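Right, one structure below, let's go through it.
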Amino acid sequence: YQYTYPFDADLDMCPVCGDTVSGYHYGLLTCESCKGFFKRTVQNNKSYTCSESQDCRIDKTQRKRCPFCRFQKCLRVGMRLEAVRADRMRGGRNRFGPMYKRHRALKQQKNALLQSHGLKAEYTPDLISPPTRTPFNFTNININTTPSDTITSDLHTQTHSGYSFYQNEPRHESPQYYHVSPLGALYSPVHAMAVIGDCSGIPGIPQAQCSGSFSAQGPALPHLLVEFLRCELDELQVRSKIIGRLEQMQGEGGSGGYGATHMYLMVDQMLFYIVEWARGSVFFKELKVSDQMKLLHHCWCELLVLDMVSRQLQHGRQGSLVLVTGQEVDLPALVSPAGPLLRTLVQKGQDLVESFRKLQVDRNEVVCFKFLILFNTDVKHVENQSFVENVKEQVHRALLEYTLCAYPQFLDKFDKLLLCWSDLCALSTLAEEYLCSKDICGEVPCNNLLNELLHAKHHSM
DNA sequence: ATAGCCTTGAAA
DNA sequence: TTTCAAGGCTAT
């Protein structure tokens, strides 16, 4: 099995059953059969029941099996009850026309953007081939979590209680549409999307066409991203381990303060878990240990900085710094007695957090970023360089694909993300400089990871 | 009941 | 005029 880039393939797949689409039907691109099914169901006020647990898989071969779940899925992916005409008038156009047009334009723009990044829909088959061990198997990935939604398929309850989609149009010739409860809109994927991205520009068009199927929780994630998310360490677990370790060390070492030494030891512990994360991660763990070390020597500080930044993004408030340990450090208090190096470090750090926040960088993007950083080697001498570069390319794609799908209105977000990355690199250089400086590592034992990494870096330069 | 193909007809 | 998403028809 090979990973296929799902962008174009899924574009003409029905979001309900995966069959080939025949055009826009009731709000989105679907196949002919689901169009018919939806029409019959709404027109005849059908109500179905599910003999299983209301989470049946709907695909081309099984779609006939459970009409209840099929209709649920129709609603979930965003098919519009309002588009079925109550008076059965034929022909003509409805209000969705401009929406379809807009959606088409958006799709085209997106493809253009993809091409401008040199990513074709066709996929080179053997791009991913891990060097020694068995290739990673993507077939086991199942991202279709089954939402427990409460949409009723009983149209009687929805039909007469709501408003008319067309109530402001008095013209008698125009078709009369079914009255639909606003409740229906609440369950549309568009509503779900609003949580993570701006989709105000395309009312009623779910992002299902971006990259295929659409779960109620959000867009389908690129397979790679799903895999990356699995590699994440549990933040709380890491936190408690680090706290434990720090307490232990401070018990031994005497001073229990929260000064530079404490920071140094904490950063050292963070690095330990960054290494642990990397060692357990897809692709990375396939590499020889010597290559692993080269990559980590190259990027540990960027990973460290990204970790700090993303934490501020999650829990942080302006004017304070949240550490892995959960402690909150008041920034003015930290900065006022500090040297110039720490001052600029804090300032630029704040700037970076701010630009991440403005960009609405989400967790998925951060996770992709970590891999982008991990595999971003311009160092030669990595033995399996082609593998590393292929992975890098894959991550690049996954991030681009995700960003385009999750934030379809925000077409240059990906480019801006990359700009942020270069800011992050600059910040990381500064951070490294600071960690080397006598400000912080003056009275710390030498046999630790941070020291070793700093040391190795200096030798390679 | 399903799903492929056909007919319609206002908007573009 | 052409488009193309509505509804309709009908073998399976």
Side-chain angles (χ1 to χ4, degrees), chain A residues 11-52 54 56-109 111 152-156 158-159 162-180 184-185 188-190 201-209 213-214:
Chain A
L11 273 178
D12 20 34
M13 275 175 77
C14 174
V16 180
C17 72
D19 205 349
T20 48
V21 306
S22 66
Y24 287 91
H25 305 295
Y26 309 107
L28 44 78
L29 289 166
T30 72
C31 71
E32 195 68 17
S33 74
C34 290
K35 163 200 158 192
F37 172 77
F38 190 77
K39 181 186 69 179
R40 286 192 303 274
T41 303
V42 179
Q43 282 182 336
N44 305 323
N45 267 308
K46 305 253 188 189
S47 51
Y48 310 109
T49 47
C50 177
S51 55
E52 302 290 319
Q54 309 198 348
C56 304
R57 280 246 179 296
I58 304 298
D59 58 32
K60 193 183 172 180
T61 54
Q62 292 191 312
R63 66 193 176 199
K64 282 197 239 185
R65 190 120 86 195
C66 181
F68 178 90
C69 292
R70 189 180 186 182
F71 189 62
Q72 297 259 78
K73 194 161 178 190
C74 285
L75 294 173
R76 207 164 64 217
V77 301
M79 290 183 82
R80 302 300 214 96
L81 293 161
E82 318 90 281
V84 181
R85 297 169 185 171
D87 60 359
R88 303 201 161 196
M89 181 201 253
R90 309 174 72 194
R93 289 288 154 89
N94 62 22
R95 185 177 273 186
F96 291 115
M99 195 172 77
Y100 296 142
K101 194 179 165 189
R102 185 158 186 181
H103 183 251
R104 264 192 275 259
L106 202 64
K107 256 182 12 180
Q108 211 174 343
Q109 248 184 106
N111 279 333
T152 170
S153 78
D154 181 7
L155 289 174
H156 294 280
Q158 298 195 352
T159 304
Y163 58 91
S164 166
F165 195 64
Y166 277 73
Q167 64 186 356
N168 295 325
E169 287 185 15
R171 294 182 55 190
H172 285 290
E173 316 89 81
S174 70
Q176 295 168 18
Y177 288 82
Y178 282 86
H179 292 242
V180 176
S188 88
V190 178
I202 39 167
I205 280 289
Q207 276 66 28
Q209 286 77 30
S213 58
F214 202 99

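Everything numeric in this text was worked out from a predicted model, so none of it was measured. Lettering of chains follows the sequences in order, A, B, ..., and the numbering in each one begins at 1.
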If I take atom [atom1] in residue [X] and atom [atom2] in nucleotide [N], what distance separates them, rounded to the nearest angstrom?
| X | N | atom1 | atom2 | answer |
| --- | --- | --- | --- | --- |
| A/F38 | B/dT2 | CZ | C1' | 17 Å |
| A/Q43 | C/dG8 | CD | C1' | 9 Å |
| A/R95 | B/dA12 | CZ | P | 12 Å |
| A/N44 | C/dC9 | CG | P | 13 Å |
| A/R80 | C/dG7 | CZ | P | 15 Å |
| A/E82 | C/dG7 | CD | C1' | 18 Å |
| A/F71 | B/dT2 | CZ | P | 12 Å |

Which atom pair, heavy atoms only, marks the closest approach of [X] to [Y]?
| X | Y | answer |
| --- | --- | --- |
| A/N44 | A/R88 | OD1-NH2, 3.5 Å |
| A/G27 | A/R80 | CA-CG, 4.0 Å |
| A/Q54 | A/Q72 | OE1-NE2, 4.3 Å |
| A/V77 | A/P15 | CG1-O, 3.6 Å |

Note to self: Listing request: all salt bridge (charged side-chain N to carboxylate O under 4.0 Å, His left out) pairs with a residue in residues 26-40 of chain A, at least two apart in sequence or in separate chains.
What the structure shows: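 Output for this query lists A/E32-A/K35.
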
Item checked: Partner of A/C74 under side chain to side chain contact (heavy atoms under 4.5 Å, CB included), chosen from A/V16, A/T41, A/L28, A/V42 ->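 In the set A/V16, A/T41, A/L28, A/V42, the residue that makes a side chain to side chain contact (heavy atoms under 4.5 Å, CB included) with A/C74 is A/V16.
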
Margin query: Which residue in the set A/V21, A/L29, A/T20 passes side chain to side chain contact (heavy atoms under 4.5 Å, CB included) when paired with A/D12?
Written below: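 One option only clears the test, and that one is A/V21.
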
Check: Within the structure, does a side-chain N or O atom of A/Y100 lie under 4.0 Å from either OP1 or OP2 of B/dA11?
Finding: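 A/Y100 to B/dA11 OP1/OP2: no side-chain N or O under 4.0 Å.
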
Next item on the list: Ignoring backbone atoms, test whether A/N94 places a side-chain nitrogen or oxygen under 4.0 Å from the OP1 or OP2 oxygen of C/dA6.
Entry: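 So the side-chain polar atoms of A/N94 do come within 4.0 Å of the phosphate oxygens OP1 or OP2 of C/dA6, strictly under.
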
Hey, what are the protein-to-nucleotides 2-4 of chain C N/O distances that come in under 3.5 Å?
residue: C/dT3; atom: O2; partner: A/R93; partner atom: NH2; Å: 2.5
residue: C/dC4; atom: O4'; partner: A/R93; partner atom: NH2; Å: 2.4
residue: C/dC4; atom: O2; partner: A/R93; partner atom: NH2; Å: 2.9

Margin query: Could you tell me if the side chain of A/R63 sits less than 4.5 Å from the side chain of A/C31, heavy atoms only?
Written below: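 The answer is yes; the side chains approach within 4.5 Å.
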
Margin query: Angle between the end axes of the helix from B/dA1-C/dT12 to B/dA12-C/dT1, five pairs per end, to the nearest 10 degrees?
Written below: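 Answer rounded to 10°: the end axes differ by 10°.
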
Item checked: Any residue meeting ring-ring contact (aromatic ring centres under 6.0 Å, His included) with A/F38, in chain and number order, not counting sequence neighbours ->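 Only A/Y26, A/F71 meet the ring-ring contact (aromatic ring centres under 6.0 Å, His included) criterion with A/F38.
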
Contact list (N/O, under 3.5 angstrom) for nucleotides 4-7 of chain B vs protein:
residue: B/dC5; atom: N4; partner: A/E32; partner atom: OE2; Å: 2.6
residue: B/dT7; atom: O2; partner: A/R90; partner atom: NH2; Å: 2.9

Item checked: Any donor-acceptor N/O pair, A/N94 side chain to A/F96 backbone, under 3.5 Å ->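 Such a contact is found between A/N94 side chain and A/F96 backbone.
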
Note to self: Which residues pass the salt bridge (Lys or Arg N to Asp or Glu O under 4.0 Å) test with A/K60, not counting sequence neighbours?
What the structure shows: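 By the salt bridge (Lys or Arg N to Asp or Glu O under 4.0 Å) rule, A/K60 matches A/D19.
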
